[in-house]
2 protein chains.
Amino acid sequence: MEKALEARDRQAAATECVSAESVVPSFRGEDTGVGGIDEIIGFHIRLAHGATYRHFTETFSELGLTQKMVSVLWLINDHPHVAQADIGRRLQMDRATTMAIINRLEARNLLVRGASMLDRRRQTLTLTADGNAALQEARRCIDEHEHWLKSRFTKREATLLIELLRRIHE
Amino acid sequence: MEKALEARDRQAAATECVSAESVVPSFRGEDTGVGGIDEIIGFHIRLAHGATYRHFTETFSELGLTQKMVSVLWLINDHPHVAQADIGRRLQMDRATTMAIINRLEARNLLVRGASMLDRRRQTLTLTADGNAALQEARRCIDEHEHWLKSRFTKREATLLIELLRRIHE
DNA sequence: TATTGTTATACTCTATAACTATA
DNA sequence: TATAGTTATAGAGTATAACAATA
């Protein structure tokens, strides 16, 4: 047993990534319709999301804004006096999650909460001057970030990708 | 000012989602190459990822396994005696992140760590009987989860989507 | 009854930094 | 010098549960 282990390790050290592949036969597709992990759409969505997230964080490191924060700023700019609940629905976030993000933006004076005159349960969200400035800066970073993404695709492929992804979250 | 606010709120209450749209003109594309937020690939990746994540969590609620945990189990099964660092590289995770997940799997007796005889810095990861059983159960859930995803696409579209996503994370 | 905002709480993922052992 | 594993720490996102005010 110890010998067999050693032989596998020798192989493992020799190859670069997931190393036991050439030694130990794979059991993929044994009793499931699913083949290798590479055929799982969810797997690729997660990796693509991770890679996108990391590049975004890098691009926005000086600005100190997260993806969610930028999305919220953008949405409020497009729809002034929008309520928290609407933001949450549009970004598919829980109310508590939305609160946390709005709180951070408010603490940094990027937006103000105001009372709604019509429905007193609601609050209106509006960007401050600082919020507008931050969004303008953010948009330059988004351009850079989007370019990093889109450089992999033709215009037609990019449109298609968005359409396919939309089917998942809509 | 208060009057204008009220008029907006009336509209906001009347429409369903992000509501100020019909009242307040959008500033999209003002001084950036980017149009509306709906044209941002990263935006759709995030939403699609979120929707996939939520459905996964729901499907796996009884099993108590996360996406990452399942991926790690799967990878170890495909490549027995693989090392932590290889897992991390394949799943694009930091070493510390990998540790946390392996620790949880080990605490639940789904895998064992073993010493590598060749490179004493490395450890070999192997599934226990419980780990194998958990993976078999997980695979049934993955089938269900993948079906939920793939039902939106033709076979050709699914293949294409994976290929496009792969370009992002590879 | 349902919705909105709010607070408290907890878990997962992610990453950085520093340390040890080994190559 | 570089890599593997480890530990401590922290921030971000996600979610649930419960509550008050309002519709």
Side-chain angles (χ1 to χ4, degrees), chain A residues 9-10 12-14 16-17 19 46-47 49-58 60-61 64-72 82-89 91-108 113-125, chain B residues 9-10 12-14 16-17 19 46-47 49-58 60-61 64-72 81-89 91-107 113-125:
Chain A
D9 286 335
R10 196 167 299 122
E16 192 199 334
C17 194
S19 13
R46 194 140 40 79
L47 286 187
H49 173 258
T52 307
Y53 170 78
R54 277 187 295 274
H55 183 269
F56 186 100
T57 305
E58 212 174 298
F60 279 74
S61 58
L65 295 174
T66 65
Q67 287 182 330
K68 287 284 179 203
M69 287 164 85
V70 171
S71 294
V72 168
V82 72
Q84 264 181 218
D86 293 330
I87 295 278
R89 265 191 290 273
L91 263 27
Q92 299 181 19
M93 295 185 298
D94 188 74
R95 269 177 302 156
T97 309
T98 310
M99 268 290 293
I101 293 159
I102 303 275
N103 282 346
R104 257 186 298 153
L105 291 170
E106 192 188 34
R108 285 174 58 174
R113 290 188 227 239
S116 162
M117 294 298 109
L118 222 219
D119 184 339
R120 302 219 305 272
R121 292 173 304 183
R122 296 180 141 238
Q123 294 197 335
T124 62
L125 300 174
Chain B
D9 287 336
R10 194 167 299 122
E16 193 200 332
C17 193
S19 14
R46 195 138 39 78
L47 286 186
H49 173 258
T52 307
Y53 169 78
R54 276 187 296 274
H55 183 270
F56 185 101
T57 306
E58 212 175 300
F60 279 74
S61 59
L65 295 173
T66 65
Q67 286 182 330
K68 286 286 179 198
M69 285 163 86
V70 172
S71 295
V72 169
H81 309 105
V82 71
Q84 265 181 218
D86 293 330
I87 295 278
R89 265 190 291 272
L91 264 26
Q92 298 182 19
M93 295 185 300
D94 189 73
R95 268 178 302 157
T97 309
T98 310
M99 268 290 292
I101 292 158
I102 303 273
N103 282 345
R104 258 186 299 155
L105 291 171
E106 191 188 35
R113 290 188 227 239
S116 162
M117 292 300 108
L118 222 222
D119 184 337
R120 301 218 307 271
R121 292 173 304 182
R122 294 180 143 237
Q123 292 197 338
T124 62
L125 300 174

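Every chain is numbered from 1, with letters handed out A, B, ... down the list of sequences. Only this structure's heavy atoms are used, side chains among them; waters, hydrogens and symmetry mates stay out.
For B:R121, the side chain to side chain donor-acceptor pair (under 3.5 Å) partners at least two apart in sequence or on another chain are B:D119. The salt bridge (charged side-chain N to carboxylate O under 4.0 Å, His left out) search around A:R95 returns none, not counting sequence neighbours. Not a single side chain to side chain donor-acceptor pair (under 3.5 Å) links A:D94 to another residue, sequence neighbours left out. Qualifying side chain to side chain donor-acceptor pair (under 3.5 Å) partners for A:Q123, counting only residues two or more places apart in sequence or in other chains: none. With sequence neighbours excluded, no residue satisfies side chain to side chain donor-acceptor pair (under 3.5 Å) with A:E58. Partners of B:F60 under the ring-ring contact (aromatic ring centres under 6.0 Å, His included) rule, at least two apart in sequence or in another chain, are B:F56. With sequence neighbours excluded, the residues forming a side-chain contact (heavy atoms from CB on, under 4.5 Å) with A:Q92 are A:H169, B:L47, B:A51, B:R54, listed by chain and number.
The nearest heavy atom of DNA chain C to B:G64 and to A:R54 marks one nucleotide each, and the one closer to the 5' end goes with B:G64. For the pair B:Q123 and A:K68, nearest-nucleotide mapping onto DNA chain D gives the more 5' position to B:Q123.
Picking from C:dT12, C:dT16, C:dA18 the nucleotide with the shortest atom distance to the side chain of B:T66 gives C:dT12. Checking C:dT14, C:dT22, C:dT6 against the side-chain heavy atoms of A:Y53 singles out C:dT14 as nearest.
Here C:dT7 presents its P atom at 13 Å from CZ of A:R95, a figure rounded to the nearest Å. To the nearest angstrom, C1' of C:dA15 lies 17 Å from CZ of A:F56. Following rounding to the nearest Å, B:L65 (CG) and C:dT12 (P) show an atom-to-atom distance of 11 Å.
Among the heavy atoms of the strands lying under 4.0 Å from B:R120 are primed sugar atoms or P, OP1, OP2 only; no base atom is included. Within the 4.0 angstrom heavy-atom criterion, only backbone atoms of the sugar-phosphate kind lie near A:R113; the bases stay farther away.
Atom-to-atom distance recorded for B:M69:CE and B:L105:CG is 4.5 Å, nearest 0.5 angstrom.
Judged by atom type and distance alone, A:R121 does not reach the base of C:dG5 through any side-chain donor-acceptor pair under 3.5 Å.
Between chain A and DNA chain D, the heavy-atom contact criterion of under 4.0 Å yields a 5' to 3' nucleotide range of D:dA12 to D:dA23.
In this model, the phosphate group of C:dT4 is approached by a side-chain N or O of A:R89 to a distance below 4.0 Å at OP1 or OP2. OP1 or OP2 of C:dT14 has not a single side-chain nitrogen or oxygen of B:Q92 nearer than 4.0 Å.
Applying a 4.0 Å cut-off to non-hydrogen atoms, the residues of residues 96-105 of chain A that approach DNA chain C are A:A96, A:M99, listed by residue number.
Checking each of B:R113, B:R122, B:R89 against B:Q84 for a side-chain hydrogen bond (donor to acceptor under 3.5 Å, both in side chains) leaves exactly one that passes, namely B:R113.
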